[in-house]
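Order of listing sets the numbers, starting from 1, for every ligand and every atom in it. All residue numbers in this chain count up from 1 along the given sequence.
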Amino acid sequence: MERTFLMVKPDGVQRNLIGDIVSRFENKGFQLVGAKLMQVTEELAQQHYGEHKERPFFGELVDFITSGPVFAMVWEGENVISTARLLVGATNPTESAPGTIRGDYAVTVGKNIIHGSDSPESAVREIGLFFNEEELVSYDKTMSTWII
Ligand code: RTP
Ligand code: MG
């Protein structure tokens, strides 16, 4: 089953959007397999956003993502990588459609609430950067005896 890495950025945590964002992915039908509130270090930020290190906004991006706690998550499901990007919305909130997370909550590209892996390769790389294997849980909700 496919997995992706999603992260509520410091602006989303500060604006109390963790619950809403988790609900959107639960309601869609995806399964949470790992999550934690954490402070991103400068080193982790530079690794995570390494592909942008030559871009003029790289310094601001690293400063922003380390400015407060983030909520890091791994979600599992059919086509979850591309579908999660649809739910996240376009990078620039001036272009993200209403109904998407960025379309509903963000106004500026530098503070766009949430990160989502953009490919299977990115998902594997980012999950490995943020989580140890023992922090991820595979489980089958249909086997839960307390709801039978
Ligand atoms: P993310 O990696 O955060 O999920 O965002 P994304 O794939 O939609 O966009 P990406 O191209 O990977 O850019 C990473 C983040 O850099 C900031 N950005 N600023 N000032 C600018 O022109 C600019 N362009 C990108 C955004 O916060 C974007 O999420
Ligand atoms: Mg990206």
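Using a distance-only test at 3.5 Å, with no hydrogens or angles considered, no donor-acceptor pair links the side chain of Glu76 to the main chain of Leu32. Checked by atom type and distance alone, the side chain of Glu95 never pairs as donor or acceptor with a backbone atom of Asn92 at under 3.5 Å.
Taken from CZ in Phe30 to CE in Met1, the straight-line distance is 9.5 Å, to the nearest 0.5 Å. To the nearest 0.5 Å, atoms CZ (Arg85) and OG1 (Thr4) are separated by 8.5 Å.
Enumerated by chain and number, the residues approaching ligand 1 to less than 4.0 Å through a heavy atom are Lys9, Tyr49, His52, Phe57, Leu61, Arg85, Thr91, Arg102, Val109, Gly110, Asn112, His115, Gly116.
For the pair Lys9 and Phe64, the cation does not sit on the ring face, since its NZ or CZ is not both under 6.0 Å from the ring centre and inside 45° of the axis.
The only option from Phe25, Phe5, Phe131 that meets the ring-ring contact (aromatic ring centres under 6.0 Å, His included) definition with Trp75 turns out to be Phe25.
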